[in-house]
Structures are given as C-alpha cells and as structure tokens.
Amino acid sequence: MLRTEYAQPLSIARLAAVAGMSPSSFHLHFRGVTSLSPIQFQKQLRLIEARRLMLAEGFGAGRAAYAVGYESVPQFTREYGRMFGQSPAREIRQARVQIGFAA
C-alpha cells in the first residue's frame, strides 16, 4: 500500500487496520523490519520516485516534488539534498553533462 500510494497522505491507522494490528504494534513491527518509521519509509519512496522522474522523464524539481506528494518545493529540495548529497538541480545538471546534453 505504501508503495502504490506513496504520494497520498499517510494514515498509520489505515495501514495498521490493513495489517490487522493496532497502530502502535504496526509502528513497532514496521520499524523492526525496515529500520525506519512508516513516515521515513514514505519519504524515501517519494524521493526515489522524484529522482526517477527528473532523470528519466525530464521533470523539473518542482514538478517532480508535486507529483510525488510534496506540498513545498523548498522542503523537497532540503530532503532531497539530505538523501542524495546534492540539490535536485545540481544532480540534473550533472546527469545532462554525463549524457552529453548542455546544461
């Protein structure tokens, strides 16, 4: 469900109900399996998909951010930089240079 609905607001209660657990039990088990909270996991899914959209589909950072469920481009840019070590714009420029397109 998280993988298919990553762009939607996350409801721990709904995820727990689907898993047949209480919200607290679900959260504990989820963290035990993934080493992440459900919200952290969703954030990673969103950032990975946004990266794919930018590099493979030609989306700009803002368009990719909104497509994966972010409501704030600055927040997306900060989180992207934390996860991938550089800003989305810088990564796009580097990718274009590597494949031979002008930046």
Side-chain angles (χ1 to χ4, degrees):
M1 209 167 104
L2 271 170
R3 289 189 192 280
T4 60
E5 299 179 17
Y6 63 84
Q8 304 304 317
L10 184 62
S11 168
I12 300 298
R14 183 170 166 236
L15 290 170
V18 168
M21 300 177 176
S22 70
S24 60
S25 179
F26 173 79
H27 196 276
L28 184 67
H29 281 82
F30 192 94
R31 186 178 282 281
V33 170
T34 66
S35 303
L36 301 168
S37 72
I39 292 172
Q40 290 169 324
F41 188 83
Q42 179 191 40
K43 185 186 301 185
Q44 282 192 0
L45 289 175
R46 286 179 170 183
L47 292 169
I48 290 166
E49 177 61 9
R51 187 182 206 193
R52 188 195 69 76
L53 290 171
M54 290 184 300
L55 297 175
E57 305 293 331
F59 280 37
R63 184 174 172 207
Y66 292 124
V68 299
Y70 276 88
E71 296 178 8
S72 164
V73 175
Q75 178 186 3
F76 166 75
T77 301
R78 280 191 305 275
E79 292 177 1
Y80 190 98
R82 276 189 221 118
M83 183 161 170
F84 297 115
Q86 60 187 339
S87 73
R90 185 172 186 182
E91 186 163 39
I92 291 167
R93 276 193 308 273
Q94 285 180 346
R96 287 181 179 160
V97 167
Q98 286 177 352
I99 62 172
F101 289 119

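Not measured: the values here are computed from a predicted model.
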- Can E5 and R14 be said to form a salt bridge (charged side-chain N to carboxylate O under 4.0 Å, His left out), step by step? CA-CA 12 Å; E5 299 179 17; R14 183 170 166 236; 2.8 Å; yes

- Item | Working for side chain to side chain contact (heavy atoms under 4.5 Å, CB included), residues Q94 and Q86 | CA-CA 10 Å; Q94 285 180 346; Q86 60 187 339; 3.0 Å; yes

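- Between L47 and Y70 there is a side-chain heavy-atom pair separated by less than 4.5 Å.
- With a 6.0 Å radius and a threshold of 12 heavy atoms from other residues, nucleotides or ligands, R90 has its CZ atom at or below the threshold.
- The local environment of CG in L2 is crowded, with over 12 non-hydrogen atoms from other residues, nucleotides or ligands closer than 6.0 Å.
- Distance CD1/I39 to CZ/F30: 10.5 Å, rounded to 0.5 Å.
- Atoms NZ and CD, from K43 and E79 in turn, are 4.0 Å apart once rounded to the nearest 0.5 Å.
- Closest non-hydrogen pair, F26 versus A19, comes out as CD1-CB, 3.9 Å.
- A donor-acceptor pair is defined here as one N or O able to donate and one able to accept, closer than 3.5 Å; such a pair exists between the side chain of Q42 and the backbone of Q8.
- When all heavy atoms are compared, the tightest approach of A67 to L53 is CB-CD1, 3.9 Å.
- Between A64 and M54, the shortest heavy-atom contact is CB-CG, 3.7 Å.
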- Item | Derivation and outcome, side chain to side chain contact (heavy atoms under 4.5 Å, CB included), residues R3 and F41 | CA-CA 9 Å; R3 289 189 192 280; F41 188 83; 3.8 Å; yes

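- The side chain to side chain donor-acceptor pair (under 3.5 Å) contacts involving residues 23-32 comprise S22-S24, S25-H29, where partners must be two or more places apart or lie in separate chains.
- Crowding of E71 atom CD: a count of heavy atoms from other residues, nucleotides or ligands under 6.0 Å not exceeding 12.
- Between R46 and P9, the shortest heavy-atom contact is NH2-N, 4.3 Å.
- Of all heavy-atom pairs spanning G62 and V73, the tightest one is CA-CG2, 3.8 Å.
- For F76 against P88, the heavy-atom pair with the smallest separation is CE2-CG, 3.8 Å.
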